[in-house]
Amino acid sequence: MEIVNQVSLKDKNTFGIDVQAASYTELTDTASLPALAAYDEKRVLGGGSNILCTGPVSGLVIANKIKGIRLVQEDEQAVWLEVASGEVWHDLVLYAIERGWYGIENLALIPGTVGAAPIQNIGAYGVEVRDTIAWVQYFDWNDASFDTLSNEACRFGYRDSIFKQELKNRVFITSVCFRLPRKSTVNTSYGAIEEELRLAGVSEPGPADVAAAVIRIRSSKLPDPKVIGNAGSFFKNPVISLQQYLDLKKEHHDMPSYTVDESHVKIPAGWLIERCGWKGYRKDDYGVHAKQALVLVNYGKAEGAQIWQLSGDIVRSVQEQFGIELEREVQVW
Ligand SMILES: Cc1cc2nc3c(=O)[nH]c(=O)nc-3n(C[C@H](O)[C@H](O)[C@H](O)COP(=O)(O)OP(=O)(O)OC[C@H]3O[C@@H](n4cnc5c(N)ncnc54)[C@H](O)[C@@H]3O)c2cc1C
């Protein structure tokens, strides 16, 4: 394992921010983890699709290149796949689809690695990854030991898990085990999927049809990071009380919402940001995407600190206009 000093992370984060890592290494096996535990400051880098680097990155950046997919258990209903954390998420989706295994097809085309998927419980088109995770294995930097957490112990929530709370920056996730049903359980309830399937003339969709529909929808809606730097949704959709929603609705009749439970609703952050006039905003090389207000972008030479400042301005204006606090989804380095 080679450790190199002063490495640019520009092509290693989807925002395309040009910052230097003080030290950088690529990890291909878990056996080297105990040796790395001795480093004071370290960060795990997957696909770099959910980070914003706001300045030079001190310490050691460990790029996760650990590969491997293993069938560890199966019965008539399902298969259990143990997947090394450095596998590319979308490749895993395609791997499962080819074999007729269900459950993650709605999550097609989400950038990044398998190891990062449980951290913010990735979700899209009516499905969250927690629905298929059996357990997560990790290496704990604090006591240099390997451990396993069951699905329940991961305490998954909306774009949240124990890995963003108590275990934040404390572990290296080494593998994730997925339980994938063999029988049809496709979820097409998300409106745009049904419409896409109808347009494609598919009446009895399998996982491959759903993934193809999701890929078409995502490609038409989201900016490709290879063309315009971005990290997908920059903010989480805020959850507010039903009472606050009803009060706001008196003034903003067209405010959209999704029911969370009897007393809470979720408001699309993109709608709030657009209403504050930010959609399509651009200053120098940074701004808010013209088609999707939830996505902050780097048009070329933006600095992470500029995007961070813009995100703060957006948080403030949404707070002022709606009294709602937006929370950043992207991890700040
Ligand atoms: C165009 C675009 C669309 C997106 N769409 C969605 C979407 O629909 N739904 C969604 O949920 N997300 C979406 N995202 C966000 C992103 O793809 C996910 O959060 C993804 O899981 C990040 O994976 P990564 O490997 O790139 O993580 P990175 O960005 O490399 O890392 C993210 C954080 O996790 C930590 N980390 C990464 N791997 C490990 C590990 N093995 N062990 C411990 N810590 C680790 C890092 O230190 C960092 O703090 C989108 C991003 C983009 C650019």
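Numbering of ligands and ligand atoms starts at 1, following listing order. Computed over heavy atoms, backbone and side chain alike; hydrogens, waters and symmetry mates excluded.
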In one Ile/Leu/Val/Met/Phe/Trp/Tyr side-chain cluster, 4.5 Å: I307, I314: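 Cluster IDs for I307 and I314 match.
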
Y158 six-ring face occupied by K266 cation (under 6.0 Å, within 45°): yes

Stacked cation flag R179 on W80, 6.0 angstrom / 45 deg: yes

Pairwise side-chain contact, L81 with Y95, heavy-atom cut-off 4.5 Å (strictly under): yes

Any side-chain heavy-atom pair of L33 and L27 under 4.5 Å: yes

Charged N-O contact under 4.0 Å between R182 and E74: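 Yes.
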
Under a 3.5 Å threshold, I'd like every N/O contact between ligand 1 and protein atoms, with atom names and distance.
residue: ligand 1; atom: 5 (N); partner: R218; partner atom: NH2; Å: 2.8
residue: ligand 1; atom: 8 (O); partner: R218; partner atom: NH1; Å: 3.0
residue: ligand 1; atom: 8 (O); partner: R218; partner atom: NH2; Å: 3.3
residue: ligand 1; atom: 9 (N); partner: G123; partner atom: O; Å: 2.8
residue: ligand 1; atom: 11 (O); partner: Q120; partner atom: NE2; Å: 3.3
residue: ligand 1; atom: 11 (O); partner: G123; partner atom: N; Å: 3.1
residue: ligand 1; atom: 11 (O); partner: R159; partner atom: NE; Å: 3.4
residue: ligand 1; atom: 12 (N); partner: Q120; partner atom: NE2; Å: 3.2
residue: ligand 1; atom: 17 (O); partner: S49; partner atom: OG; Å: 3.0
residue: ligand 1; atom: 17 (O); partner: P111; partner atom: O; Å: 2.8
residue: ligand 1; atom: 19 (O); partner: N50; partner atom: ND2; Å: 3.3
residue: ligand 1; atom: 19 (O); partner: Q120; partner atom: NE2; Å: 2.8
residue: ligand 1; atom: 25 (O); partner: G47; partner atom: N; Å: 2.8
residue: ligand 1; atom: 25 (O); partner: T113; partner atom: N; Å: 2.8
residue: ligand 1; atom: 25 (O); partner: T113; partner atom: OG1; Å: 2.6
residue: ligand 1; atom: 26 (O); partner: G47; partner atom: N; Å: 3.1
residue: ligand 1; atom: 26 (O); partner: G48; partner atom: N; Å: 3.1
residue: ligand 1; atom: 26 (O); partner: S49; partner atom: N; Å: 2.8
residue: ligand 1; atom: 26 (O); partner: S49; partner atom: OG; Å: 2.6
residue: ligand 1; atom: 29 (O); partner: S49; partner atom: N; Å: 3.0
residue: ligand 1; atom: 29 (O); partner: N50; partner atom: N; Å: 2.8
residue: ligand 1; atom: 30 (O); partner: G46; partner atom: N; Å: 2.7
residue: ligand 1; atom: 30 (O); partner: G47; partner atom: N; Å: 3.4
residue: ligand 1; atom: 30 (O); partner: G48; partner atom: N; Å: 2.9
residue: ligand 1; atom: 41 (N); partner: I173; partner atom: O; Å: 3.1
residue: ligand 1; atom: 42 (N); partner: I173; partner atom: N; Å: 2.8
residue: ligand 1; atom: 47 (O); partner: V44; partner atom: O; Å: 2.6

